[in-house]
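Have a look at the structure below before the remarks.
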Amino acid sequence: MTDILSHTEAGICTLTLNRLSRKNSLTSAMYSALADALAAAADDAAVRVAVIQGHETVFSAGNDIGDFLSNPPQGADAPVFRFLHGLNNFPKPLVAAVCGPAVGVGTTMLLHCDLVYAGDNAMFSMPFVNLGLCPEAASSLLVPRLMGHARAAETLLLGEPFSAESAMEWGLVNRIVPPTEANALAQQQARKLAAKPLSSLIETKRLMKLGQGAVVAERMAQEAASFGRMLSEPAAREAFTAFMDKRHPDFSKL
Ligand code: COA
């Protein structure tokens, strides 16, 4: 799978979103590859930290809309849900480097990362409502918790994009650097983590997240049920068809 590159070296498993022609939008095959790679990294004693990165021009345009239409996720074992659970359950430090657009799951996956480094061109958005959908990846729980209800309403109900500066102010991002330096900074921080005792990293992350895993998994399940149902409803059909036809959606009758 060349759309997802996986490389492990010196205790760091680096997963690169590599589908630039489609702005790193994620197909079910890519979700499968990511889920498998995370599971392998979790089990591999030689891996101490995982890094998820995109390109300096784009992190991810979110779900591949065509793939979602023709191949909607079905059931809790669907690749997208395996990936999200893999993120929630990943026991070792997870670092992300984000540049350019990070749309939908491109933003929500970051809620499950421990350290996030952004290029100053990063632009985050969770336009689920604009697509006739609802939040996923437990973002309906984690976004209000992170940034407060008022900002969450702007980002989730209005679907307004937000900059790297806002993401840092609200606690989603650790540091902002020029786009050409984001992936390198993530690697540099990953190397620091990889030099530490794995047992302490795992135990510290477990304690930091104690009590949250089951709550997050429960919210993911509730969101998935709604998201799956809404995908085939008229609002999402109109939004996706409009995207494919390169026109604005018309929700006036929905
Ligand atoms: N699914 C499928 N194809 C996508 C895509 C997606 N999520 N995002 C981008 N693409 C395709 C475009 O259709 C375009 O294809 P084309 O060259 O055949 O016309 C190509 O990738 C380049 O995208 P383009 O929109 O021209 O790039 P841009 O730099 O102007 O804008 C984005 C980048 C990410 C801001 C914009 O593509 C976008 O908003 N994408 C949709 C995001 C979205 O709604 N995701 C779903 C979340 S659930």
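Read the numbers this way: they start at 1 and go in the same order the structure lists the ligands and their atoms.
Taking CE of M109 as the reference point, atom CZ of F59 lies at 4.5 Å (rounded to 0.5 Å). Of the inter-residue distances, the one linking L141 atom CG with Q222 atom CD reads 10.5 Å to the nearest 0.5 angstrom. Rounding to the nearest 0.5 angstrom, the gap separating the CD1 atom in I176 from the SG atom in C99 is 11.0 Å.
Between F162 and M147, the shortest heavy-atom distance links the atoms CZ-CE, 4.2 Å.
Taking 4.0 Å as the cut-off between side-chain N and carboxylate O, E154 and R151 do not count as a salt-bridged pair.
A continuous path of hydrophobic side-chain contacts links W170 to V143 [ILVMFWY only; heavy atoms under 4.5 Å].
Closer than 4.0 angstrom to ligand 1 by heavy atom are S21, R22, K23, S25, A61, N63, D64, I65, P101, V103, L131, F243, K246, sorted by chain and number.
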